[in-house]
Structure formats: structure tokens, C-alpha cells
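Here the structure is laid out as C-alpha cells; the discussion comes afterwards.
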Amino acid sequence: MTVRTRFAPSPTGVLHLGSVRTALFSWLYARHHGGQFLLRIEDTDRERSTPENVEAIFDGMAWLNLTADEEPIYQTARFDRYREVTEQWLAEDKAYHCYCTRAELEEMRERQMAEGGQVGYDGRCRDRHEPREGVDPVVRFKNPVDGVVVVNDAVRGRVEFDNGQLDDLIIARSDGTPTYNFCVVIDDADMQITHVIRGDDHLNNTPRQINMFAALGATPPSFGHLPMILGADGAKLSKRHGAVDIRDYRDEGFLPEALLNYLVRLGWSHGDQELFSMEEMIEYFDIADVNQSASSFNPEKLRWLNQQYIKVTPTATLAGEVRPYLEELGYDIGGGPDPEAVVDAYRERAETLREMAESARYCYVDFEEFEAKAAKKHLRPVILEPLRALAERLADLDEWSVLEIEAAVKETAAAHEINMGKLGQPLRVAVTGAGVSPPIDVTVCLVGRERTAQRLAKAIAAIEARAAASH
RNA sequence: GCUCCCUUCGUCUAGCGGUUAGGACUCCGCCCUCUCACGGCGGCAACAGGGGUUCGAGUCCCCUAGGGAGUACCA
């Protein structure tokens, strides 16, 4: 039997971290077993579903490269099918019309709550078929009244539910539209889904669904319920914990592989391994190795992982990835170094693409002022002569290369009998405006011959002014 | 309230009856070093509590506590 999994998001919200991990696990499971991974848009809630959210889902999945093997299924396109089953169940006495009003249901719930027992529909319309004036009925599924439903969950193990605890759920609203639990069952059956991997929050729905599979005369798929992802503080993941929308992570400069690598380790592990290529994930992933407990989202570790990926991504690829960020920051790329050079200089000192682009600002944009603290410490009169000599030396360089620049700095320092650091830091502040940058030869090379000359002149003038002021 | 799920360093996790309880992120030292990083080395830090079972329990069972989910004409 070919494995078929599905990811079934509801476009009532954007694609977020937790959904993505669910999608990833489903995708990995299918890939691991050489099966198919499908996408289904659960848009039966027409009030809250939006085309923008549908777009956000496709967009996110495409960015992450979590490709589906067949065209996506839209539940709204399948209303005829759902109606067909509803009619059939009504005819077979597997479902019934319920004429209870919302007020009546509310009252029942309150009474049950007050009595301290279980809360749920009591089935009062099971044997009351006559219509009631002014009430559009809902259709309820006749859940078995006794016996137990056993869920052999791939991650939880055997879980039993008493049918007595389950009530007759609504499968069609009074306006005729079908509801979630019902659609899921029909779709999973029709799509021939073999393995349902979904969030923990659905574990309680599973016994009802299994009962409906039976009513349909279909074999239920295997189930695997994933633990939740919590925010860093252990509370439910929300906006408070930073980005929720998966696209925000792209905007911040995370690489899709890094995000996926981070997510795969939330609730799953393969010994002590932290870094997984997509091939390795597919090869090693097993639903049986999935944890049973919820895990907290740790932004620091995601950042660390992202850097691990930045470090090994080929230069040309990475340059292509940072380009949009450089542009977004308004840099004139043509008027500065090749992004490939920036990428190689910064791959070991940036955790995100955005950070990388921001750090490289001085390569493309002239600064007005030297950073006060750095200037005070490094742009001092003592360094005036060496800096002048270096400026001259640099201006005369035949070739503007890291090697030539390195030699120029070293020889100038030696000629003035000072350490590399004594000259390097002032030079760094002069050409970048601040005290932190890649190795000085690389930095100067990045800044370019012209800007280096201008900025050195500016620094020298600043030091001269400072010297004059102190006299 | 009722039903179901969960519980190893701050966080992610390894562990599958006998371990000095391992790794990763974070943090702190040291080394490397022209700054920042990277890298290397070292350090801080955990079996929720209580009962059993067993020669022996982080590992098996029960209870308690604490988290979470569901209990919608949401998905």
C-alpha cells in the first residue's frame, strides 16, 4: 500500500510555525516511505476563510519547498459530495435532523455544567423527527452509545475513548454547510489517505472520526498526533513570542532549510545529531521517534542553526539570497562591492541574511560621523603619521586586492614600529566608521579604493582637528 | 466539571532496568586573534513529588501535583 499523507490547513489564519512543523512531518513521512504528500484547504468556515490566507499557505509551502504531489483539494468544491453522504446517512438512520434551538442547547449545557457531570448534546432529537416551526434543523451523526473506540496512535500509543463520552456531533449546519469533523473523514477516505499526522489538539476528535469512518464503510487511516509547540515562556505560541506567520521568518532572513532543520528537532531526534540535510531528514525520519511532550520554541537556537546554514551555503547562492535585503535597505549595489564578496566576508558573523545586509551598510553607503566611542579610542593623534603613510601606500597600490592591502598595512605598521592592532583598529574606524568589521584587509578591500581614500582623508582631518583642539 | 494527553539541565533533546545521566542552544572562563565573529578547550546546569515492583529504577506500575488539549451550527 502506498503511503499517502496530507496537510490540511484552514485558511482562517496565516501559516504559522506549528502548522509548518505538522506539514514537515507529514511530508517527511511520505517522502521517507516513497509515498505521496497532499494538500487540502479546509475552507468550510466561509466566514473566516480568506483568499489571502490561502495564498499565504501556498506561498509558505513553496518557500519551504514542501511540495505536494497532487493538486490541492478545496473543501468548498466538495459540498455536493458532503451533501450526498449526509443524505445517505439520513436515509440509513446513521444521522438525524435536530431541531433544538441554540437557546435550548445553551440551557442544556448550563444545566449539565451546574450538575457537574459531562457536558454534551444529550441526543434528545434522536427519536423526535417531526419538524418544528421556524427552526432550520442541523444534521447530527448518531454516535454509538456504548463500547470503546481504540486509537492506536503512532506517537501516543494505545488510547481508549468511551463512546458514552462522545455526543452526537453536528455534521451539517442549519444552512446546510458541512462541519469539520465530518468533512475530514470523507476527504481522508476519498483521498485515500493512509496516515494522518496532525496536531495534538485533534486527538480528542479522533474517536468520533473513527466512528464516522465506520459509518462510511471505510477503513480509517493510521493516526499520529504531534505534541504542540509552545512559546519560549512555555505558553501557547502567539504574537508575543515574535513572529508567528512563517513569512516573517523569510523576511527576517532565515533560510528555509535552517527553519526546517530547527523545526524537525522540535519533538523529533536522531541520536545527538543537530544538523540534517533534507536528504538525511527524509532518510532518518520515523514517526515512532517523535516525542510525546510539547516543546518550546527557542529563537536563539533557530538563529544559531541559520548561521550554520549560512556558513556552508555556496557563495553564489547566498549572494542571490542577500541581494533582496541589500536592495530593501536602499543600497546602490552597483556602486559597491559584489554581493558575493560581502557574503564571503560576513558568512561567519551573521545569523540572518538581514543582519548580514545591515552589517555591510558601510560598503555601500557613506556615513556622516564616526561612531563616537570608537573614534575617541582609536582616532588619536599618535596614529596620524602611520595613517597618512598608509593612505599614501594604499593609494599607490597596483592591485586592489586583499593580499596587497594586507601587505600594505603590515609593512606600514612595521615601518612605524607598532603592532597590527595599533594600526588596524584606527584604519577600521576610518573606513567603516565603527570598531567592528571583518578582517581589516578584507574590509578595506570591500570598501574599495575610492571610498577608502576619501574616508582615510576624512579620518586624518578629524584627527588633525582633534590635535589642534587639544593644543 | 467531564474526557484525553504530557512531565530529564533555563530551552531542544539522548537514554529504551545496572551510565561519573550524554549532546546541542544560551550563559561564563581560557586559547586563537588587527576588532567582531568562526573554531578549539573547559565550566554552570536536569530525571516534578510520593508510593510500589525489582538484587537494582530516569527507564515498569499506581497516586499526587503541575502543564496542555477537547468539551462550538471554529478548524
Side-chain angles (χ1 to χ4, degrees), chain A residues 8-13 42-45 47-49 75 98 100 102 105 109 112-121 136-140 151 153 155-156 159-162 164-167 169-175 177 179-181 183-184 199-207 225 227-228 230 232-236 262 265-275 291-305 307 311 346-351 359 374 378 406 409-410 413 419-429 432 434-441 443:
Chain A
S10 168
T12 50
E42 309 219 323
D43 51 359
T44 53
D45 184 347
E47 301 276 305
R48 300 190 299 149
S49 297
Q75 291 189 321
C98 167
C100 291
R102 290 176 200 250
L105 261 19
R109 208 174 352 253
Q112 290 168 333
M113 203 67 104
E115 284 169 3
Q118 86 182 72
V119 177
Y121 184 64
D136 289 325
V138 297
V139 178
R140 287 184 185 272
V151 179
D153 194 276
V155 345
R156 308 281 153 175
V159 184
E160 288 185 17
F161 293 86
D162 231 312
Q165 288 294 331
L166 274 26
D167 63 357
L169 80 165
I170 292 171
I171 60 175
R173 302 181 178 96
S174 43
D175 66 359
T177 58
T179 59
Y180 170 73
N181 278 295
C183 298
V184 165
D200 217 350
D201 46 339
H202 292 290
L203 183 55
N204 287 293
N205 290 326
T206 308
H225 288 93
M228 304 272 92
L230 276 19
D233 56 0
K236 197 171 174 182
Y262 175 73
R265 285 285 290 99
L266 242 38
W268 176 81
S269 60
H270 180 71
D272 284 338
Q273 191 168 343
E274 295 288 351
L275 266 20
N291 272 182
Q292 306 184 348
S293 53
S295 40
S296 296
F297 175 68
N298 182 345
E300 272 81 39
K301 190 158 182 181
L302 204 214
R303 295 175 63 79
W304 173 79
L305 258 167
Q307 189 187 35
K311 278 167 64 180
Y346 275 97
R347 66 190 331 144
E348 279 177 0
R349 53 204 103 223
E351 291 189 314
S359 301
H378 300 294
E406 184 195 14
V409 177
K410 279 202 168 137
N419 294 330
M420 257 301 271
K422 285 272 188 286
L423 183 57
Q425 275 307 89
L427 176 57
R428 174 168 283 114
V429 176
T432 71
V436 174
S437 83
I440 195 60
D441 43 4
T443 300

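Numbers restart at 1 for each chain; the letters A, B, ... are given by sequence-line order, proteins then strands.
Residue Pro439(A) places its side chain closer to rC34(B) than to any other of rC73(B), rC34(B), rG23(B). The side chain of Leu105(A) sits closest to rC73(B) out of rC38(B), rC25(B), rC73(B). The side chain of Gln292(A) lies closest to rC6(B) when the candidates are rU26(B), rC6(B), rC5(B). Closest to the Val436(A) side chain, of the nucleotides rA24(B), rU35(B), rC34(B), is rU35(B). Checked against rA75(B), rU13(B), rU3(B), the side chain of Asn181(A) finds its nearest nucleotide in rA75(B). Between rC34(B), rU13(B), rA75(B), one nucleotide has an atom nearer to the side chain of Thr44(A) than all others, and that is rA75(B). Candidate nucleotides rC12(B), rC74(B), rC5(B) were compared by shortest atom distance to the side chain of Thr179(A), and rC74(B) ranks first. Out of rC12(B), rA75(B), rC34(B), the shortest distance to the side chain of Leu266(A) is found at rC12(B).
rA21(B) and rC44(B) are spaced 14 Å apart, taking the P atom of each and rounding to whole Å. Across rG58(B) and rG22(B), the matching C1' atoms stand 13 Å from one another, rounded to whole Å. Look at the C1' atom in both rG18(B) and rC9(B): the space between them is 23 Å, to the nearest Å. Taking atom P in both rU64(B) and rC12(B), one finds a spacing of 26 Å when rounded to whole Å. Taking the P atoms as reference points, rC32(B) lies 50 Å from rG67(B), given to the whole Å. rC30(B) and rU35(B): their P atoms are spaced 15 Å apart (whole Å). Taking atom P on both nucleotides, rC2(B) is separated from rU13(B) by 31 Å, rounded to a whole Å. When the C1' atom is used for both rC73(B) and rA65(B), the distance is 38 Å, rounded to whole Å.
Inspection of the His225(A) and Asp153(A) side chains reveals an N or O donor paired with an N or O acceptor under 3.5 Å. In this model, no donor atom of one side chain and acceptor atom of the other lie less than 3.5 Å apart for Ser293(A) and Asn291(A). A donor-acceptor pair shorter than 3.5 Å cannot be found between the side chains of Arg428(A) and Thr432(A). Under the 3.5 Å distance criterion, with hydrogens and angles disregarded, no donor-acceptor pair is assigned to the side chains of Arg109(A) and Gln112(A).
Here OH of Tyr121(A) is found 7.0 Å from CG of Leu105(A). Values are rounded to the nearest 0.5 Å. We find the CG-CD distance between Asp167(A) and Gln118(A) to be 8.0 Å, quoted to the nearest 0.5 Å. To the nearest 0.5 Å, the span separating CE on Met228(A) from OG on Ser296(A) amounts to 13.0 Å. Between atom CZ of residue Arg265(A) and atom NZ of residue Lys301(A) there is a gap of 5.0 Å, rounded to the nearest 0.5 Å.
In terms of polar N and O atoms assigned as donor or acceptor, the side chain of Arg349(A) never comes within less than 3.5 Å of the base of rC38(B) in a complementary pairing. Interface remark: the Gln273(A) side chain does not form any donor-acceptor pair with the rG23(B) base, using a distance-only criterion of under 3.5 Å. Residue Ser174(A) places a side-chain atom within donor-acceptor reach of the base of rC73(B), judged by atom type and a 3.5 Å distance cut-off alone. Remark: the Arg428(A) side chain and the rC34(B) base include a donor-acceptor N/O pair separated by less than 3.5 Å. For Asn204(A) against rA69(B), a side-chain N or O and a base N or O form a donor-acceptor pair under 3.5 Å.
For rA57(B), there is no paired nucleotide, since no Watson-Crick or G-U wobble pair has both relevant distances below 3.5 Å. The pairing partner recorded for rG70(B) is rC2(B), the criterion being a Watson-Crick or G-U wobble arrangement whose two distances lie under 3.5 angstrom. When both distances must be under 3.5 Å, the Watson-Crick or G-U wobble mate of rU19(B) does not exist. For rC25(B), the paired base is rG10(B) (Watson-Crick or G-U wobble, both distances below 3.5 Å). Across all strands shown, rC34(B) remains unpaired; no Watson-Crick or G-U wobble contact has both distances below 3.5 Å.
Counting any heavy atom pair closer than 4.0 Å across all strands shown, Leu203(A) reaches sugar-phosphate atoms only and no base atom. Within 4.0 Å of Gly421(A), counting heavy atoms only, lie sugar-phosphate atoms of the nucleic acid but no base atom. Residue Val159(A) is in sugar-phosphate contact alone, with no base atom involved, counting any heavy-atom pair closer than 4.0 Å across all strands shown. Base engagement by Pro438(A) is indicated by at least one non-hydrogen atom pair under 4.0 Å involving a base atom. Glu160(A) comes within contact range of the sugar-phosphate backbone alone, with a heavy-atom separation under 4.0 Å but no base atom that close. Across all strands, Tyr346(A) comes closer than 4.0 Å to no nucleic acid atom at all (heavy-atom distances).
Atom CG in Asp200(A) sits about 10 Å away from atom P in rG70(B), given to the nearest Å. Distance NE2 (His225(A)) to C1' (rG68(B)): 15 Å, rounded to an integer number of Å.
In this model, the phosphate group of rG39(B) is approached by a side-chain N or O of Lys311(A) to a distance below 4.0 Å at OP1 or OP2. Between Asn205(A) and the phosphate of rC4(B), there is no side-chain N or O to OP1/OP2 separation shorter than 4.0 Å. A close approach under 4.0 Å does not occur between any side-chain nitrogen or oxygen of Asn298(A) and OP1 or OP2 of rG10(B). Of the side-chain N and O atoms in Arg173(A), one or more sit less than 4.0 angstrom from OP1 or OP2 of rA75(B). Side-chain nitrogen and oxygen atoms of Thr177(A) include none within less than 4.0 Å of the OP1 or OP2 phosphate oxygen of rC73(B). Of the side-chain N and O atoms in Ser295(A), one or more sit less than 4.0 angstrom from OP1 or OP2 of rU13(B). For the OP1/OP2 pair of rU35(B) and a distance below 4.0 Å, the side-chain nitrogens and oxygens of Gln425(A) include no atom meeting the criterion. Of the side-chain N and O atoms in Arg109(A), one or more sit less than 4.0 angstrom from OP1 or OP2 of rA72(B).
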Can you list the steps and then say if Arg156(A) with Asp200(A) is a salt bridge (Lys or Arg N to Asp or Glu O under 4.0 Å)?
CA-CA 10 Å; Arg156(A) 308 281 153 175; Asp200(A) 217 350; 3.1 Å; yes

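Not counting sequence neighbours, the partners of Arg303(A) by the side chain to side chain contact (heavy atoms under 4.5 Å, CB included) test are Phe254(A), Glu351(A), Thr352(A), Glu355(A).
Residue-environment remark: CD (Glu160(A)) exceeds the threshold of 12 foreign heavy atoms within 6.0 Å.
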Between the protein and nucleotides 18-22 of chain B, are there any N/O to N/O pairs under 3.5 Å, and if so, what are the atom names and distances?
{"unit_1": "rG22(B)", "atom_1": "N2", "unit_2": "Asp272(A)", "atom_2": "OD1", "d": "2.7"}

